[in-house]
Amino acid sequence: MKRMHHGSLCLSALSLMARNASAADSQDALMPFGVQAAHIHDLWQVLLWACMVFGVLIVIAVTVALWRAPRSSETTPAEPTPGLHTLSQYVVTGALVVSIIGLLGLTVASVMTDRALAGLSEERPVNVKITSHNWWWEIMYEDAQPSRTFMTANELHIPAGRPVIATLESDDVIHSFWVPNLHGKRDLIPGRTAKIKFRADSPGSYRGQCAEFCGYQHAHMALLVIAEPAEAYEKWADRQRASANTPAEEQKKHGESLFLSSRCAMCHSIQGTSANGKVAPDLTHVGSRRYIAAGTLLNGPSQLAAWISDPQRYKPGANMPGTTFSSEDLQALVTYLQSLT
Amino acid sequence: MKHRMRALAWACAVALTLCACKREQRAFEQSPSPTELALKSGISLPSSTPTAKPSGSYEETAYAIAQGKQLFNWFNCSGCHSHGGGGIGPPLMDDKWIYGHEPGEIFATIVEGRPNGMPSFRGRLDDSQVWQLVAYVRSMSALVRRDAIAGRDDGIQKGKPEQRRSRAEPQNSSEAPAQ
Amino acid sequence: MPAIAAMSTRNAWLALWAACISISAAAAGGDWPMVAKDYANTRYSELGEISVANAANLKLAFTFSTGVLRGHEAAPLVVDSVMYIVTPYPNYLYALDLSKPGAPPKWKYEPKPLAFAQGMACCDVVNRGVAYANGRIFMNTLDNHTVAVDAKTGKELWRTRLGDVALGESMTMAPLVVKDKVLVGNSGGEFGVRGWLAALDATSGKIVWRAYSTGPDNEALIGQEFRPFYSQDQGKDLGVSSWPPEAWRIGGGAVWGFVSYDEKLNLIYYGTSNPSPWNPEQRPGDNKWTSGIFARNPDTGAARWFYQTSPHDLHDYDGINENVLFDLPTAGGSRPALIHPDRNGYLYVVDRATGEVISALPYAHITTSHGVDIASGRLQYAQDKEPKAGKVIRTICPSSSGGKDWQPSAYSPKTGWLYLSIQNLCQDMEATKANYIAGTPFVGSEQKMYTGPGGNRGEFAAWEPVEGRKKWSIPEKFPVWSGALVTAGDVVFYGTMEGWFKAVDARTGALLWRFKTGSGIVGQPISYLGPDGKQYVAVLSGVGGWAGSVVSAGIDTRDSTAALGFANAMRDLPSETGMGGMLYVFALP
């Protein structure tokens with residue numbers, strides 16, 4: 001009976017899987033929504049056009065060469081006609097010159113793009129530290145006052161129009177931070193600290209994902225960046241700083257006690273409770289997130305229940321083991337977690 | 001003659017490749033184990049009872065041992081036992097086993113705890129996680145399939161990597177720990 | 001009714017006064033009534049029979065086997081011809097009758113602490129001593145009980161539970177009795193406990209006040225009386241705001257060292273331990289009130305001042321080392337001060353009325369900081385020695401065990417010098433992600449210790465606190481993990497980890513006498529006047545503690561990071577000493 005129940009949950013969850021993500025979550029390097037992505041996009045356009053032009057010219061030249069190639073017979077000496085010799089000299093020299101100028105030009109364009117990327121104004125930045133794990137993103141919002149720092153996972157909210165400076169570290173293997181609408185890729189290498197800075201110029205939600213093969217679930221390691229107007233961002237940040245909602249109703253209280261007494265607190269933390277696990281995503285405000293399991297499933301009660309019961313079904317190899325809660329217990333736990341907004 | 005040599009070479013290559021398959025198997029847990037169901041329904045298990053799931057496959061799989069190593073650090077086993085050398089808890093890399101070296105005995109140690117300070121992880125760990133830990137603990141003194149044992153660490157060097165240690169034939173220690 | 005009440009109050013005060021007098025009299029009369037000898041923690045014996053001239057003639061007077069084989073870090077107590085010894089787990093308490101030949105045991109008290117508590121002791125299952133007042137002995141058990149025992153009969157009078165092993169708490173420190181209160185603190189900075197110092201009523205055992213080392217002001221007993229000297233320690237609820245949210249609840253600051261007391265200023269002084277976890281990246285901020293020195297009113301627990309020796313402690317330097325009270329000679333007379341040799345390698349001289357740092361000079365080899373800025377009082381860290389997750393930082397000196405760990409120093413008012421046991425160790429360190437699971441270690445660091453420059457892992461030295469420099473120093477093969485004792489005969493006693501108990505000239509450091517005991521010495525030597533009028537020197541021998549756990553806990557040193565890094569530095573200790581548990585008492589023939 002239980003198996004069937006879970007089975008049907010799985011089916012419905014599958015149908016809601018984030019592979020059929022809504023059109024609102026853009027993930028497109030060709031649609032820059034931030035100044036850094038815009039620079040890269042400009043360079044890309046230059047390269048595209050330049051290479052297209054060169055490509056066409058080369059195709060024409062090759063065609064001409066094939067068309068006009070002198071046909072030699074057995075007795076004709078292999079010597080080009082004098083006029084053709086001069087013409088080819090001009091063509092070759094010309095092509096060389098144009099190539100060198102073109103390459104230099106592209107190099108200049110690349111250097112200028114790099115300078116533009118580095119020159120992003122760092123006024124009033126939002127400082128975050130992103131640590132990548134197999135297979136989720138740990139995000140800590142830094143602050144000069146330590147009691148104003150806060151932790152979240154897999155969902156990065158930023159104020160539109162303000163630069164974000166992200167320090168990138170990895171806890172296990174090499175991952176890569178890639179939110180194409182906002183910037184290019186930056187690797188997170190264990191033992192090294194990298195930095196990336198970007199800015200979203202208009203509100204919206206932008207999907208990113210890990211761009212360096214990192215293991216079995218590399219494909220299910222998405223990151224959602226939500227750019228909001230300044231006020232909305234501050235409200236969100238204040239909410240995130242607060243400890244988790246204390247449950248008032250029986251069912252949620254039961255859910256909380258289940259969380260704290262079973263395996264969950266071994267890895268997860270909920271600020272304000274005795275759960276302080278640091279090796280899995282922070283769940284203090286998990287109810288407010290759009291997705292769970294790093295973008296693998298939408299964050300809804302049936303998906304959450306299915307995930308908690310059997311994470312290996314959606315993300316085999318993930319470090320979260322399955323559970324054997326009864327359906328009432330599972331319901332209570334899910335209700336509690338959904339209330340953590 | 002040349003054909004025969006070539007055929008032989010191919011046969012060897014295929015055989016060697018197939019040999020490594022077992023080591024690379026990964027079985028991701030899909031369903032609750034008998035122990036879990038028993039615990040949930042309030043049945044108390046006698047001590048040193050391994051579950052129906054054979055532990056052998058864990059000891060032959062590089063993935064299981066590597067996961068065990070990761071969990072060993074995550075769940076603070078290394079906080080007391082260090083990386084086999086001991087500290088607050090006894091060493092795990094030597095040949096002295098206070099409570100037994102068999103997989104089922106180590107399983108019981110982890111799940112039930114032990115009187116002189118080993119906490120009980122009953123209800124805190126999934127069975128498959130415990131078996132992975134058991135496999136890793138046994139690998140610390142090279143009691144498992146050698147080519148599945150973890151190789152070099154990425155962190156600060158602690159000594160010889162587990163894979164390079166020589167097998168330490170267990171002597172079930174009857175000596176009580178100091179007090 | 002009021003008359004009776006007034007009389008009871010008067011009697012209470014008389015009893016208190018009598019207690020204080022008796023303790024001071026006992027101290028002057030040749031007893032060793034508290035672990036540090038006196039409230040100033042001088043560990044100075046006024047007995048002068050044993051002198052530089054005759055120390056070479058010291059002979060073993062008697063021994064006593066404790067029956068326990070772990071690290072014996074305690075100081076014996078001697079009051080009214082009875083010696084009181086407490087052992088490591090299972091914390092047996094013995095009373096030896098010094099008036100009879102061979103000092104046979106009068107009684108033995110067994111507190112029977114939970115065996116499970118052994119798993120919560122980071123650094124061997126030690127106990128650093130008991131306290132005596134008004135015919136009662138007060139002791140802490142490993143499983144978080146403070147017990148009062150009748151000094152004459154050994155019967156338990158009361159027992160109070162103060163902590164929870166399920167949270168990783170334990171108790172190892174020696175209590176201090178101030179007026180009618182027993183002051184005790186917890187251990188567990190490696191387990192993410194929340195540190196505290198508590199005062200129990202000596203008669204009933206009830207908790208009168210408890211001052212936490214982290215968290216809001218009202219729980220840290222910081223109120224109107226609080227006047228910290230430096231600006232970084234001023235402000236509201238710094239025990240919360242200098243931590244990431246809620247991190248202070250599992251923030252450490254345990255109180256496992258010695259407490260001193262100034263009767264005139266009515267202030268107690270003690271240090272708080274490292275913040276949890278060791279990995280500093282997980283707890284940005286200064287992490288108040290860990291790794292520092294508190295001055296409090298013993299009656300109410302209200303804090304008077306605090307000075308943080310290692311803000312945002314990077315290397316587990318703690319702050320619990322002893323605070324020896326002395327009067328610093330100045331141009332105009334003297335200034336009430338204290339000496340605090342910290343693990344971070346600096347020997348602090350601090351004004352004990354205000355908390356102002358007068359001087360902070362290195363007594364060990366230091367690479368982790370450039371100095372202490374006297375104007376701001378702030379330790380100036382070296383950036384390149386800051387632990388980072390996933391990176392190995394090398395040549396961190398002093399190692400986490402510090403220039404000197406808990407092992408207490410002794411101060412002689414005759415020479416004016418401090419005698420201290422020093423460690424010369426450096427380490428390589430890698431920070432890792434610490435996962436908090438209640439009752440398990442919350443550290444997040446791997447380290448390997450090794451010998452510092454010079455080739456000797458230990459040193460015993462004399463330090464002149466006014467000039468701020470070493471007067472003499474004796475290199476030792478192993479870290480010196482024993483306490484120090486200095487006498488009016490200008491003889492200094494200390495023990496080595498191989499087991500030598502040594503007497504050296506207080507003014508020159510010349511070796512006068514030594515005796516090889518059965519096991520390494522990690523305890524605190526004392527001296528007392530026996531009933532026969534002779535001066536005796538006593539010490540517990542039994543290797544262990546953090547440095548000796550290679551032997552006492554059977555560590556496998558093939559893992560260099562075992563024993564929180566000591567395994568790498570103490571590989572040869574097992575070939576020099578084995579486990580033991582014996583009291584040795586010496587006297588002139």
Side-chain angles (χ1 to χ4, degrees), chain B residues 69-98 109-110 112-125 129 140-142 153-162 164-166 168 173 175-179, chain C residues 67-70 87-90 114-125 165-166 190-191 390-394 428-430 432-444 446-448 544 546 549-550 552-568 579:
Chain B
K69 182 166 180 170
Q70 186 172 65
L71 298 179
F72 192 84
N73 290 311
W74 278 4
F75 297 141
N76 295 331
C77 317
S78 56
C80 287
H81 295 282
S82 191
H83 299 276
I88 302 170
L92 299 177
M93 67 197 293
D94 60 4
D95 56 357
K96 290 209 224 8
W97 295 85
I98 303 170
T109 297
I110 296 173
E112 294 167 25
R114 295 293 185 189
N116 285 307
M118 172 69 190
S120 157
F121 287 89
R122 185 187 299 275
R124 300 291 190 148
L125 295 175
Q129 292 178 314
M140 278 198 209
S141 51
D153 244 356
D154 269 342
I156 190 172
Q157 194 197 44
K158 292 135 186 127
K160 271 200 185 146
E162 293 87 337
R164 284 186 50 216
R165 292 182 199 155
S166 39
S173 175
E175 90 186 32
Q179 305 313 319
Chain C
V68 180
L69 288 175
R70 300 296 290 266
T87 72
Y89 177 91
L114 286 173
F116 187 73
Q118 293 172 92
M120 305 302 138
C122 80
C123 311
D124 205 358
V125 293
V165 291
E190 278 61 55
F191 283 80
K391 298 192 178 88
V392 181
I393 312 288
R394 302 198 187 271
D428 294 344
M429 196 170 184
E430 179 193 15
T432 61
K433 188 59 153 297
N435 188 25
Y436 178 78
I437 299 169
T440 68
F442 183 48
V443 176
E446 313 276 359
Q447 49 283 328
K448 289 190 289 194
W546 184 10
S549 55
V550 172
S552 65
I555 303 289
D556 190 325
T557 55
R558 288 179 293 162
D559 172 8
S560 310
T561 61
L564 287 168
F566 252 114
N568 194 50
M579 297 195 270

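Being a predicted model, the structure only gives us computed values, none of them experimental. Below, chains carry the letters A, B, ... as their sequence lines are ordered, and counting in each starts from 1.
- In this structure, the portions of T561(C) lying under 4.5 Å from any heavy atom of chain B include both its backbone and its side chain.
- Heavy atoms of M93(B) lying under 4.5 Å from chain C belong to its backbone as well as its side chain.
- Between T432(C) and N73(B) there is no side-chain heavy-atom pair separated by less than 4.5 Å.
- Qualifying salt bridge (Lys or Arg N to Asp or Glu O under 4.0 Å) partners for K448(C), counting only residues two or more places apart in sequence or in other chains: none.
- With a threshold of 4.5 angstrom between heavy atoms, F566(C) does not approach chain B through any atom at all.
- Contact of P119(B) with chain C is made through backbone and side chain together, with heavy-atom distances under 4.5 Å.
- At a 4.5 Å heavy-atom cutoff, the contact between A121(C) and chain B is made by backbone atoms alone.
- G87(B) approaches A553(C) most closely through the heavy-atom pair O-CB, 3.9 Å.
- When atom types are taken as modelled, the side chain of E430(C) and the backbone of I156(B) share a donor-acceptor pair closer than 3.5 angstrom.
- Contact detail for T440(C) and N76(B): the closest heavy-atom pair is OG1-ND2, 2.7 Å.
- Residues passing the side chain to side chain contact (heavy atoms under 4.5 Å, CB included) test with K433(C) are H133(A), E138(A), D171(A), K278(A), Q282(C), sequence neighbours excluded.
- Looking only at heavy-atom pairs under 4.5 Å with chain C, the residue among G85(B), G79(B), C77(B) that has the most is G85(B).
- Here the CG atom belonging to L114(C) is positioned 11.5 Å from the CG atom belonging to N116(B), to the nearest 0.5 angstrom.
- Atoms SG and CD, on C80(B) and Q118(C) in that order, are 12.0 Å from each other to the nearest 0.5 Å.
- Ranked by heavy-atom pairs shorter than 4.5 Å toward chain B, the options M429(C), M120(C), E446(C), E190(C) are led by E446(C).
- In this structure, the side chains of F75(B) and I437(C) come closer than 4.5 Å at one or more pairs of heavy atoms.
- Between F191(C) and I88(B), the closest heavy-atom pair is CZ-CD1, 3.8 Å.
- With a 4.5 Å cut-off on side-chain heavy atoms, R558(C) and D94(B) count as touching.
- Per-residue heavy-atom pair counts under 4.5 Å with chain B were compared for C122(C), S549(C), A166(C), and the maximum is reached by C122(C).
- With a 4.5 angstrom heavy-atom cutoff, V443(C) does not touch chain B via any of its atoms.
- The side-chain contact (heavy atoms from CB on, under 4.5 Å) test with S82(B) is passed by exactly one of L564(C), D556(C), D559(C): D559(C).
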